[in-house]
Amino acid sequence: MKLYLLGHEDRYCVEQLQLSLFPDRPMEPADGPFEGDGAVSSLHRGKTWITASASITLNGTTHRAVRRLRAEEETVRLRRRALQQSYYLAALPFLPEPPPWGALAGVRPTKLSTACLLSGGTPEAAEKLLRQVYFVTPERAKLALPCSLATVETAALLEPGDVSLYIGIPYCPTRCAYCSFVSRGVGRDTQALEPYLEGLLKELEVTGKLLESFHRRVRTLYIGGGTPTTLSAGQLSRLLENTRSRLDLGGCLEFTVEAGRPDTIDPEKLEVLKAWGVDRISVNPQSMEDPVLAACGRPHRGADILRAWEQVRAAGISAVNMDLIAGLPGDSPEGFRRSLDTVAALRPANITVHTLALKKGADLLSHSQPRPDAQAVAQMVRYAGQALSGLGYSPYYLYRQKYMSGSFENVGWTLPGQACRYNICMMEELHPIVSLGGGAMSKVPLPGGALRRFPNPKYPEQYLASLDRVLEQKAALFSCMEGGL
Ligand code: SF4
């Protein structure tokens with residue numbers, strides 16, 4: 001679908017909205033006026049008013065919309081908002097129904113309500129912003145607001161100079177069919193992980209020195225993947241011992257390790273995690289329905305999750321997150337309801353409800369597995385919201401993904417006072433995230449709302465082959481945090 005910009009260069013915000021509202025029509029930037037189907041987004045600067053207008057033509061029908069702001073009030077944010085509003089309102093008559101997230105096209109729809117609260121706005125003002133300015137439905141605004149409130153609460157625990165630290169273990173015993181992460185299946189051959197672990201320990205050592213010399217405090221620590229518990233108990237112990245000795249964790253609020261799959265969890269590894277101070281863990285069923293797990297290539301059953309849960313409780317790790325996915329092949333609203341009820345009956349601190357998003361690289365794309373349609377997924381997501389709210393959980397972070405069918409989102413739910421702070425810091429970009437390992441992405445929020453990313457090489461082999469460069473980049477990352485380029 002063509003898009004022509006007239007009188008402005010705020011391409012990104014309009015393009016993202018077009019892609020989100022018309023996902024089946026490939027984007028085609030136009031560098032001049034055109035005939036036929038497409039969109040024109042224009043901005044006119046008058047003495048008193050700045051006028052944003054959009055004109056969209058599809059199959060010979062044209063709709064237009066206009067939004068204005070006073071010239072003296074112009075800021076980048078207000079100008080882009082007017083452009084998005086005009087585009088959204090012109091697009092609305094072409095859509096089968098108003099999209100739940102209205103004119104918000106980004107992956108972090110809570111950022112605006114959070115910014116409103118952080119700048120002193122009331123919860124009512126934040127909700128009004130979502131509903132009246134960005135046309136978000138009441139249902140989605142009700143999800144977003146508690147997340148923004150949880151963010152404000154977490155932000156109050158942070159000081160300038162704080163960072164969160166992420167350590168990535170991009171390995172799993174086998175690959176799930178829907179997986180789109182960089183994760184290598186290594187079976188039971190944990191020896192194959194040795195070179196990676198050695199490289200990671202070097203990066204950890206360099207990072208520890210940089211944290212110390214730049215006086216940066218680690219506020220949350222998260223070891224994710226892949227599945228970090230793919231490492232043997234001995235390897236885990238070595239990693240955690242080094243983590244403790246290389247980093248000052250005196251000010252760390254929480255230490256999370258994703259255990260993910262039950263086929264990587266045993267009492268010996270749990271004892272190691274507990275001994276080195278891990279106080280949060282993820283045990284992820286995705287579904288408790290055996291046929292669904294089999295269709296996804298997960299080599300475990302629902303009963304294995306219950307066994308892992310008992311082992312985690314016996315090890316004394318109290319804060320547990322459990323992930324579920326709505327929309328898995330072979331699942332149904334009834335099956336999902338059973339999974340959610342079974343998991344919720346355990347009362348883990350957090351339950352994260354994802355919606356299946358298939359990216360390039362996911363095996364499910366090449367299988368003709370029947371997947372629930374958007375209506376069935378909507379039923380699942382709705383049930384999760386109602387059931388979890390009724391059980392005392394509230395949403396504490398959420399994000400959307402590209403490739404997500406429908407207008408769904410992934411939502412982390414928490415019991416009171418048990419939110420995972422790392423997830424909030426990372427998702428809401430509250431402070432720098434220093435990331436280590438293959439595929440890891442460090443991020444530094446810059447003044448003005450921009451974000452500078454420092455990616456490590458994607459695959460473990462590339463990571464090891466260019467470790468020297470990775471270590472050099474760590475120095476650049478810390479310099480950027482100090483205001484350098
Ligand atoms: S456990 Fe997660 S990271 Fe590992 S293969 Fe499955 S989906 Fe991918």
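In this chain, numbering begins with 1 at the start of the sequence shown. Counting starts at 1 for both ligands and their atoms, in listed order.
Here is the list of ligand 1 atoms found below 4.0 Å of a heavy atom in Thr227: 1 (S), 4 (Fe). Heavy-atom proximity to Gly226, at under 4.0 Å, picks out these atoms of ligand 1: 3 (S). Contact atoms of ligand 1 toward Tyr178: 7 (S) (distance under 4.0 Å to a heavy atom of the residue). Heavy-atom contacts of Arg298 reach the following atoms of ligand 1: 1 (S), 6 (Fe) (cutoff under 4.0 Å).
Note on Glu212 versus Arg246: no salt bridge recorded, every NZ/NE/NH1/NH2 to OD/OE distance being 4.0 Å or above. A salt bridge links Glu205 to Lys209: at least one charged side-chain nitrogen sits closer than 4.0 Å to a carboxylate oxygen.
Side-chain contact annotation: Tyr383 with Asp341, donor-acceptor N/O pair under 3.5 Å present.
Protein heavy atom nearest atom 4 (Fe) of ligand 1, with residue, atom name and distance: Cys172 SG, 2.2 Å. Protein heavy atom closest to atom 6 (Fe) of ligand 1, with residue, atom name and distance, is Cys176 SG, 2.3 Å. Looking at atom 2 (Fe) of ligand 1, its nearest protein heavy atom turns out to be Phe181 CD1, 4.4 Å. Of the protein's non-hydrogen atoms, the one nearest atom 1 (S) of ligand 1 is Arg261 CD, 3.4 Å.
Shown here for His300 and Pro285, the closest heavy-atom pair between the two residues is CE1-O, 4.0 Å. Listed here is the closest heavy atom pair of Glu203 and Leu471: CA-CD2, 3.6 Å. In plain terms, the two heavy atoms of Ala319 and Asp279 that are nearest each other are CB-O, 3.5 Å.
Thr110 places no side-chain N or O within 3.5 Å of a backbone atom of Cys147 that could act as its donor or acceptor partner.
The part of Thr174 lying near ligand 1 is the backbone, judged by heavy-atom distances below 4.0 Å.
Residue Cys179 counts as close to atom 8 (Fe) of ligand 1, with an N, O or S atom under 2.8 Å.
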